2 protein chains.
Amino acid sequence: MSHTLGIRQAQKQKTRRALLDAALELLEGQNLSSLGLREVTRAVGVAPTAFYRHFRSVADLGVALVEEALDSLHPTIRTTVSTAGDGEERIARAVALIAAHVDAYPAHVRFIIRERHGGVRPVREAIREQLARFAEEVGEALADDPVSAGWSEDDRLMLAQLYVDQMLATASLFLEALETEAGPPERERVTRLAARRLRLIGIGRRHWLDGPAEGDRGTP
Amino acid sequence: MSHTLGIRQAQKQKTRRALLDAALELLEGQNLSSLGLREVTRAVGVAPTAFYRHFRSVADLGVALVEEALDSLHPTIRTTVSTAGDGEERIARAVALIAAHVDAYPAHVRFIIRERHGGVRPVREAIREQLARFAEEVGEALADDPVSAGWSEDDRLMLAQLYVDQMLATASLFLEALETEAGPPERERVTRLAARRLRLIGIGRRHWLDGPAEGDRGTP
DNA sequence: CGGTTGCGATGACAGTTGTTCACTGACCAC
DNA sequence: GTGGTCAGTGAACAACTGTCATCGCAACCG
């Protein structure tokens, strides 16, 4: 764009892309920690040593994948939180957006969900960091919402993390529905389930500042 | 117990235990899909071929670990749901119980959390099945609770799954706090965070049947 | 145009892996 | 006591892994 990079660099980035894509595909059936360097280069059709020109190790490729996968998620999450409309409509749109994202980038979603608690430390931390950024972003959006007016910073972040967690859990369910033979009905079931979960959280949110939960505490 | 099993079978179960324990220890730093059969037998001090006398494959050992790990969690979850007391006290006890369980069986907890979305199909399914059983159990407990009176079966299960998910998320946070050098303060932070999450869910629960969310929908 | 840069290819290294086979020898039922 | 059962052994296999120094050759820069 700014200055057309030479044939050389273009070719390099092309094989880099090929490595990332091949790895992502291979990761549909296994973990990152069991993914071999040679396995990836073989799938691309380059020599094993060529791998080192692009990544220091497989874990390094992993964190590159994290950035890529969560960057693709970023616009989705932004649209989700800024979606206009009343409660029920907001929920429906949010769930639909998650479903659409899973349809568009199933491999990315699976990778993030699988490696979030996976065995490769740097990848885990990269995911955690990016998700924390998401939560922060959601938290800021909540600050502008009248429903969350008067909330403490901590409480807002707590809710934001809850939303992010919910988003991932829902995405995971959609993904499972996607790989099941009986897809569409299961998909519908997940949609309704996710909507009800968000509804319950939303209700809790609206009554958060109602004061001490009624009828719970007898002590002053 | 019923009839003392011979020296032979006792010895066999002993090495079986050794294999399971060694595997669990090795899994603290890696995934099940990257765990080698020889790696396990080497740690125990037996010949690689001895492995086959106990498990068909590493995945097979994995599902055995699932049963063991989630059996240890079973009493904990039972105690949690049946804990008496009002809302706030219930929450505090539940969180404390989770923390205690993580302290008692950190390797088990890490294994479940890591392999829940891991790369080994049969293990994933075993975990899903067991967690579904837990959710069902929690759902039954909710049916006896006056707060959830009048709820549909579906809604009760939705809430139960939400609680189970929350439990795992909280356990994961406690586990991270456990492996951090600055343990105790982080642990306290997680305790408060988890309590607030449960509080919010509890509030949503109490107002679930309040009718259409007030102020949200203008249409009749 | 000529020298330099650097992506990718080659071949080889020492280890590792899962699985097989025939085998030993201690326990256990008869 | 004797013979069978079976947990564990040891050697061997083909295949695989990450990493090394080295090379070729096209693209780049002055």
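Treat the numbers as computed from the prediction; the structure is a model and nothing was measured. The chains referred to below are lettered A, B, ... by the order of the sequence lines, with proteins before strands, and numbering in each begins at 1.
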[Y]/[X] salt bridge by N-O under 4.0 Å criterion:
{"X": "B:Arg116", "Y": "B:Asp165", "result": "yes"}
{"X": "A:Arg187", "Y": "A:Asp103", "result": "yes"}
{"X": "A:Arg42", "Y": "A:Glu39", "result": "no"}
{"X": "A:Glu68", "Y": "A:Arg17", "result": "yes"}
{"X": "A:Asp145", "Y": "A:Arg156", "result": "no"}
{"X": "A:Glu28", "Y": "A:Arg110", "result": "yes"}
{"X": "A:Glu89", "Y": "A:Arg93", "result": "yes"}

Plane angle bin for A:Tyr105 and A:His108 - parallel if under 30°, tilted between 30 and 60°, otherwise perpendicular: parallel

Touch class at under 4.0 angstrom, heavy-atom based, for B:Arg42 against every strand present: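 Sugar-phosphate contact only - B:Arg42 comes under 4.0 Å of backbone atoms but never of a base.
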
Sugar-phosphate, base or nothing in reach of B:Thr15, heavy atoms under 4.0 Å: sugar-phosphate

Please report, rounded to the nearest Å, how far the [atom2] atom of [N] is from the [atom1] atom of [X].
{"X": "B:Leu35", "N": "C:dT17", "atom1": "CG", "atom2": "C1'", "answer": "12 Å"}
{"X": "B:Lys12", "N": "D:dT9", "atom1": "NZ", "atom2": "P", "answer": "14 Å"}
{"X": "A:Asp60", "N": "D:dT19", "atom1": "CG", "atom2": "P", "answer": "12 Å"}
{"X": "A:Lys14", "N": "C:dC7", "atom1": "NZ", "atom2": "P", "answer": "16 Å"}
{"X": "B:Phe55", "N": "D:dG8", "atom1": "CZ", "atom2": "P", "answer": "11 Å"}
{"X": "A:Tyr52", "N": "D:dT17", "atom1": "OH", "atom2": "P", "answer": "12 Å"}
{"X": "B:Arg53", "N": "C:dA22", "atom1": "CZ", "atom2": "P", "answer": "13 Å"}
{"X": "A:Leu37", "N": "D:dG18", "atom1": "CG", "atom2": "C1'", "answer": "7 Å"}

Sub-6.0 Å ring centroid separation between B:Phe174 and B:His101: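 No, ring centres 6.0 Å or more apart.
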
First encountered from the 5' end of DNA chain D, between A:Glu39 and B:Val46: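 Looking at the nearest nucleotide for each, B:Val46 comes out on the 5' side.
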
A:His54 side chain near C:dC7 phosphate (N/O to OP1/OP2, under 4.0 Å): no

Test item: B:Arg53 side-chain N/O and B:Lys12 main-chain N/O as donor-acceptor pair under 3.5 Å: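 A pair under 3.5 Å: no.
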
Donor + acceptor pair across side chains of B:Gln13, B:Arg16 (<3.5 Å): no

Short side-chain donor-acceptor distance under 3.5 Å, B:Glu137 and B:His74: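 Yes, because at least one side-chain N or O of B:His74 sits under 3.5 Å from a partner of the opposite role on B:Glu137.
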
For nucleotides 28-30 of chain C, tabulate all protein N/O to nucleotide N/O atom pairs closer than 3.5 Å, reporting atom names and distance.
residue : atom : partner : partner atom : Å
C:dC28  : OP1  : B:Ile7  : N            : 2.5
C:dC28  : OP1  : B:Arg8  : N            : 3.0

I'd like a list of close polar pairs between nucleotides 10-14 of chain C and the protein, N/O only, cut-off under 3.5 Å.
residue : atom : partner : partner atom : Å
C:dT10  : O4   : A:Thr49 : OG1          : 3.3

Consecutive-pair stems (at least three Watson-Crick or G-U pairs, under 3.5 Å) that include DNA chain C: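 Detected stem regions: C:3-13 with D:18-28, C:15-30 with D:1-16.
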
